[in-house]
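Let me begin by presenting the structure, written as structure tokens, before commenting on it.
Just so you know, residue 1 is the first one in the sequence shown, and it goes up from there.
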Amino acid sequence: MKTIKNKLNSQSGVSILFAMLLFLVATVVSLVIIVAATSSVKREVSFKESNQKNIELDSLALVLIDSIDNKSFTFTSDGSKFICNENPPEVFDKALSVISTGIMNNVITQTYNLVFESELLSNIKCTYTFESSGDKYIVRFELDNGNKLYVYFDVVKDEVTENKLTWRYSYSSNKKV
């Protein structure tokens, strides 16, 4: 006890340096703990946001599949081009009608962009591309809300009349194939 009292009363300055060194070590340890905790919180928030976006895309993909799978459009020809017989009232069905008409008339340069909006969802952009693959067409919907999901459909002409297109769900992927 006497040596500690002598050290505290010492005028050599070693005690203050030792105290400052301990203070510096405590500060660095505290800083490391705070940075690690902050990083962990940011990672968790980012993970939750990413999961929410993926759930939104999966939900919209299920709606697309339920709405499109086995849907058919019939066409009449005026000699130079095909005209869709259906005049669908809903925006999404109109988009399908436009895509189907483009396929029937072999006009692959058409594009159709949709934005799905809801109070419960973030805005999801939907674009499509289609390409010929033998006797069928492959239509790829790209759903984008920051994350991306691709939903593929096969569009097949009726073998008997060739004036009817039927949409069939093929697969979904989060990678562009």
Side-chain angles (χ1 to χ4, degrees), residues 31-76 81-158 162-177:
L31 186 60
V32 167
I33 291 171
I34 289 170
V35 168
T38 303
S39 174
S40 175
V41 168
K42 285 181 182 178
R43 186 174 47 247
E44 185 66 27
V45 167
S46 174
F47 179 73
K48 285 182 180 180
E49 288 175 357
S50 179
N51 269 352
Q52 181 61 38
K53 286 182 176 185
N54 286 337
I55 290 169
E56 288 176 350
L57 292 178
D58 288 343
S59 296
L60 183 56
L62 289 173
V63 169
L64 284 177
I65 294 165
D66 286 345
S67 300
I68 297 176
D69 197 27
N70 292 319
K71 183 168 264 196
S72 296
F73 290 92
T74 55
F75 294 84
T76 55
K81 64 180 180 178
F82 287 96
I83 300 166
C84 187
N85 292 340
E86 290 86 7
N87 188 11
E90 295 186 26
V91 175
F92 186 68
D93 286 339
K94 283 183 183 179
L96 291 179
S97 173
V98 168
I99 296 169
S100 297
T101 303
I103 290 172
M104 286 298 288
N105 291 314
N106 205 18
V107 181
I108 300 184
T109 58
Q110 290 182 334
T111 59
Y112 208 91
N113 298 319
L114 299 168
V115 176
F116 297 98
E117 297 176 355
S118 169
E119 293 175 7
L120 302 175
L121 300 174
S122 58
N123 290 346
I124 299 175
K125 296 177 188 132
C126 178
T127 57
Y128 78 89
T129 57
F130 60 95
E131 61 189 55
S132 177
S133 175
D135 60 341
K136 66 180 178 181
Y137 289 86
I138 299 170
V139 179
R140 180 185 69 227
F141 288 95
E142 179 181 308
L143 307 176
D144 183 359
N145 66 351
N147 293 357
K148 291 190 179 185
L149 181 67
Y150 302 94
V151 183
Y152 293 84
F153 289 90
D154 294 331
V155 182
V156 182
K157 284 186 180 180
D158 185 77
E162 292 194 5
N163 68 343
K164 181 178 179 181
L165 288 179
T166 302
W167 291 68
R168 292 195 183 97
Y169 170 69
S170 183
Y171 65 96
S172 299
S173 174
N174 53 359
K175 292 183 181 176
K176 194 175 189 177
V177 180

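- Every pair tested for salt bridge (charged side-chain N to carboxylate O under 4.0 Å, His left out) that includes a residue from residues 164-176 fails, sequence neighbours excluded, so the list is empty.
- Summarising the geometry of Val151 relative to Ala61, their closest heavy-atom pair is CG2-CB, 3.8 Å, with the distance given to 0.1 Å.
- Looking at Asn147, Leu143, Ile124 one by one, the single match for side-chain contact (heavy atoms from CB on, under 4.5 Å) with Glu56 turns out to be Ile124.
- Inter-residue side-chain proximity for Asn105 and Phe75 is flagged as unmet; no heavy-atom pair is nearer than 4.5 Å.
- In this structure, the side chains of Ile138 and Tyr152 come closer than 4.5 Å at one or more pairs of heavy atoms.
- For Asp69 (side chain) and Ile65 (main-chain N/O), no donor-acceptor pair under 3.5 Å exists by modelled atom type.
- Residues Val139 and Trp167 are in side-chain contact: their nearest non-hydrogen atoms beyond the backbone lie under 4.5 Å apart.
- Expressed to the nearest 0.5 Å, how far CG of Asn54 lies from CD of Glu49 amounts to 12.0 Å.
- For Asn163, the side-chain hydrogen bond (donor to acceptor under 3.5 Å, both in side chains) test picks out Thr161, with sequence neighbours left out.
- For Ser170, there are no side-chain hydrogen bond (donor to acceptor under 3.5 Å, both in side chains) partners at least two apart in sequence or on another chain.
- Counting heavy atoms from C-beta outward, Lys157 and Met104 have side chains that approach closer than 4.5 Å.
- Heavy atoms from other residues, nucleotides or ligands lying under 6.0 Å from CZ of Phe47 number 12 at most.
- Taking NZ from Lys53 and CG from Leu149, the interatomic distance works out to 14.0 Å, rounded to the nearest 0.5 Å.
- Between Leu64 and Phe153, the shortest heavy-atom distance links the atoms O-CZ, 4.0 Å.
- Looking only at distances, no side-chain donor or acceptor of Ser40 sits under 3.5 Å from a matching main-chain atom of Ala36.
- From Phe141, atom CZ reaches atom CG of Leu60 across 10.0 Å, with rounding to the nearest 0.5 Å.
- Side-chain atoms of Thr38 come within 3.5 Å of backbone atoms of Ile34 as a donor-acceptor pair (strictly under, hydrogens ignored).
- The structure places OG1 of Thr101 at 8.5 Å from CG of Leu165, a figure rounded to the nearest 0.5 Å.
- Side-chain N or O atoms of Ser46 include none that pairs as donor or acceptor with a backbone N or O of Lys42 at under 3.5 Å.
- The OG1 atom of Thr74 sits 10.5 Å away from the CG atom of Asp158 when rounded to the nearest 0.5 Å.
- No side-chain heavy atom of Asp58 sits less than 4.5 Å from a side-chain heavy atom of Leu62.
- Counting only heavy atoms from C-beta outward, the side chains of Arg43 and Ser39 approach each other to under 4.5 Å.
- In terms of heavy-atom proximity, Lys71 sits nearest to Leu96 at CD-CD1, 3.9 Å.
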